[in-house]
Enquirer: 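There's a structure below that I have some questions on.
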Amino acid sequence: MEKKWWKEAVAYQIYPKSFYDSNGDGIGDLRGIIEKLDYLVDLGINIIWISPFFKSPMVDNGYDISDYYAVDPIFGSNADLEELIEAASQRGIKLLFDLVVNHCSDQHEWFQKAIADPNSKERDYFVIRKADQLTNWRSIFGGSVWTKLPGSEDEYYMHVFAKEQPDLNWENPELRQEIYKMINYWLDKGIGGFRVDAIVYLKKNQAFPDFPSDGPDGLASVNLGSQNQAGIGEFLTELKAATFQNYDCVTVGEAFGVPLAQLPEYSGENGYFSMIFDFSYDVPDGTNGEPWYVRKPWTVKEWQQKVYQSQKILKEFGIWSPNHMENHDSARVVNRFFEADQINFASTTMIGALDFFLRGTPFIYQGQELGMKNATIKDPNVFDDIQTKDQYQVALAANFSTSEALKAVLHRSRDNARTPMQWQDEIYAGFSSAQPWLPVNDDYREYNVATERNDANSILNFYRRMIEIRQKSAYREILIYGDFRPVYLDLDNIVAYDRHLAGKTVRVICNFQNQAIELQKYRQNEKYQLILSNDAYSTNQEQLLQLNPYQVILVEVTEQ
Ligand code: GLC
Ligand code: CA
């Protein structure tokens, strides 16, 4: 396994609108990130992925870009961005931008030129078809992927996401060159790389077939005709060669739906990207083709199999994974995995550690290190997220009462991860001096950076210790480059694995249940040296593995 700086890093995702507001308008901004960089240094972060901050009408909070070269005024100026790049680099932090090139905003000048003049070169920068050539594909945010092209009688443009996010036509070579130019412009500024948005959608099935409907709306998922289609590799190979390949940068693809067998094409030394996110074990009660509001019962065992499978495949292919439990599109991890009465210090740190010590580069999402929970929004009109609004309507259409629909939406909404970062036990959680764009969670007085930083037993300080152990302790090499080997496979609610390197073994054991367990009888010939625990653990009971509910321990294992 080749050593790389980004394999040895701990990454942190910032959603700029919700991180820190420096100028009192209720919206987070780039100067806010500069002001809080030292917090991230103290935490031990080496890579920051920032969700989009370029000019945008904010229909999808910046994932609808209208100018790839200019910072949106709500986030600051290009001078602020240059200062941020410099301030981060002085602190040894690499910045990853969010590269959104499957689509742009309908306000981008390309789209404006395309609708203004049917003969413009920009007309072919978009996926445009005649009324009688349309397909029955459903966009990710609901409704058809086809919307009538403004000013045209019988032409429609395609959008995998919202209608304000027209897809770019990657079949057009000039468009591709424009994109490469923009990517190199930012890489030349010395950034560390990119998180690459929605990249599996670049290639559309050029036959544009209809598919059997999979929903009451008579439409079929756009994934069938646009996700990871044959031929996408040519675009991605060219993209890499024209840009990333020529820099010491890291790229992390958001690549849903890539079959396991194709992982090495997408990821690794010879792959299109350095790494791609694995979403296969994100949600324990994942829906599988059913409507989004269906919640399936799940067991720790089933879920753990998915984690082990993922780690096994990565190892077989020799590729590296960006491990994550949260991002700006997901509900908070504690709410996904535990019922409200089971969310506490132990369960929160256990699920955090379980993910953190897997083989790969850990990605922490802002507020996760504080134990931030789902939004406490009580009025459906307060939701901001375009997808949540659609989901709420879908739930009502499926005969949910308003309170049932609110409950369903609160469980899955992307706004759960977008509430303001909790900095202090002060009005608006110290995020802003003005009312924030999305309400602060009710629990900010207890869960915030200032309070937790002063409490030796806080979630924040647990995360700091985990990072310190992985980055700075004698176990660094094992925890970064060591092998992954599952253990205790015969037990139902134990998730445990060894990291192993050069004859040394470190084991993570998670008691994934609300009940104590006694483990010594399973591993009689081993001796344990405690490295980290989220609960009392007596070191003079070295052979006794008694774990409290949701206890996690990290131990060095030696044979007796
Ligand atoms: C990605 C982003 C998501 C966005 C979508 C469209 O999935 O993570 O937030 O809505 O792409 O750009
Ligand atoms: Ca602001």
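Just so you know, ligand 1 is whichever comes first in the structure, and atom 1 is the first atom listed for that ligand.
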Enquirer: My understanding is that we take every heavy atom of each candidate and find the minimum distance to atom 10 (O) of ligand 1. Doing that for Asp60, Val59, Val100, which one comes out nearest?
Expert: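 Nearest heavy atom to atom 10 (O) of ligand 1 lies in Asp60.
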Enquirer: Out of all atoms in ligand 1, which are within 4.0 Å of some heavy atom of Arg195? Include the element for each.
Expert: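 Atoms satisfying the 4.0 Å criterion: 2 (C), 8 (O).
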Enquirer: At under 4.0 Å between heavy atoms, which part of Arg414 makes contact with ligand 1: side chain, backbone, both or neither?
Expert: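 Side chain only.
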Enquirer: Between Val440 and Ala429, which heavy-atom pair has the shortest distance, and what is it?
Expert: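 Val440 and Ala429 have their closest heavy atoms at CG1-CB, 3.7 Å.
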Enquirer: Would you say Gly32 has an N, O or S atom lying under 3.0 Å from the Ca ion (ligand 2)?
Expert: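 It does not: Gly32 brings no N, O or S atom closer than 3.0 Å to the Ca ion (ligand 2).
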Enquirer: Is there a donor in the side chain of Asn61 and an acceptor in the side chain of Asp384, or the other way round, less than 3.5 Å apart?
Expert: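 Judged by distance alone, the side chains do pair up.
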Enquirer: In terms of atom number and element, which parts of ligand 1 are under 4.0 angstrom from non-hydrogen atoms of His328?
Expert: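 Matching atoms, with element in brackets: 2 (C), 3 (C), 8 (O), 9 (O).
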Enquirer: Tell me, which protein residue and heavy-atom name are nearest atom 1 (C) of ligand 1, and how many Å apart are they?
Expert: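 Heavy-atom neighbour on the protein nearest atom 1 (C) of ligand 1: Asp197 OD1, 2.7 Å.
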Enquirer: How close does the nearest protein non-hydrogen atom get to atom 5 (C) of ligand 1, and which residue and atom is it?
Expert: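 Among all protein heavy atoms, the one nearest atom 5 (C) of ligand 1 is Phe161 CE2, 3.6 Å.
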Enquirer: Might you work through the ring-ring contact (aromatic ring centres under 6.0 Å, His included) test for Trp423 and Tyr444, ending with a clear yes or no?
Expert: CA-CA 8 Å; Trp423 293 102; Tyr444 73 91; over 10 Å; no
Enquirer: Would you call Asp60 and Arg414 a salt bridge, using N to O less than 4.0 angstrom?
Expert: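 Here Asp60 pairs with Arg414 in a salt bridge, since their nearest N and O are under 4.0 Å apart.
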Enquirer: What is the name of the N/O/S atom in Asp21 that sits closest to the Ca ion (ligand 2)?
Expert: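 Distance check against the Ca ion (ligand 2) picks out OD1 in Asp21.
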Enquirer: For Lys203, look at atom NZ and say whether over 12 heavy atoms of other residues, nucleotides or ligands are found less than 6.0 Å away.
Expert: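 More than 12 within 6.0 Å, yes.
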Enquirer: Check each atom of ligand 1 against the heavy atoms of His103 and keep those under 4.0 Å away; list them by number with element.
Expert: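 By the 4.0 Å cutoff, the relevant atoms are 6 (C), 12 (O).
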Enquirer: Return the name of the atom in Asp25, of element N, O or S, nearest to the Ca ion (ligand 2).
Expert: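 The Asp25 atom nearest to the Ca ion (ligand 2), restricting to N, O or S, is OD1.
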Enquirer: Among the N/O/S atoms of Asp29, which is closest to the Ca ion (ligand 2)? Give the atom name.
Expert: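 Nearest N/O/S atom: OD2.
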Enquirer: Ring centroid separation for Tyr293 and Phe400, is it under 6.0 angstrom?
Expert: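 Between Tyr293 and Phe400, the centre distance is under 6.0 Å.
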Enquirer: Looking at Phe126, Trp146, Phe111, which one forms a ring pair (Phe, Tyr, Trp, His ring centres under 6.0 Å) with Tyr157?
Expert: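 By the ring pair (Phe, Tyr, Trp, His ring centres under 6.0 Å) criterion, Tyr157 pairs with just one of Phe126, Trp146, Phe111: Phe111.
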Enquirer: Taking both backbone and side-chain atoms into account, decide whether Ser432 has an N/O/S atom under 3.0 Å from the Ca ion (ligand 2).
Expert: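 Looking at Ser432, which is the residue asked about, there is no N, O or S atom under 3.0 Å from the Ca ion (ligand 2).
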Enquirer: So that I can tick it off, tell me whether Asp38 and Arg91 are bridged by a salt bridge, with the cut-off set at under 4.0 angstrom between side-chain N and carboxylate O.
Expert: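 The answer is yes: the pair qualifies as a salt bridge.
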Enquirer: If you measure from CH2 on Trp110 to CD1 on Ile115, what distance do you get to the nearest 0.5 Å?
Expert: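 Spacing of CH2 (Trp110) from CD1 (Ile115) equals 15.5 Å.
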Enquirer: Using a 4.5 Å cut-off on heavy atoms from C-beta on, say whether the side chain of Phe383 contacts that of Tyr392.
Expert: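 Tyr392 vs Phe383: side chains apart.
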Enquirer: Give the atoms of ligand 1, by number and element, whose distance to some non-hydrogen atom of Asp329 is under 4.0 Å.
Expert: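 What qualifies from ligand 1 is 2 (C), 3 (C), 7 (O), 8 (O), 9 (O).
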Enquirer: What protein heavy atom lies closest to atom 7 (O) of ligand 1? Include the residue and the distance to one decimal.
Expert: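 Looking at atom 7 (O) of ligand 1, the protein heavy atom closest to it is Glu254 OE2, 2.8 Å.
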Enquirer: Under 4.0 angstrom from ligand 1, any heavy atom of Phe141?
Expert: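 True for this residue.
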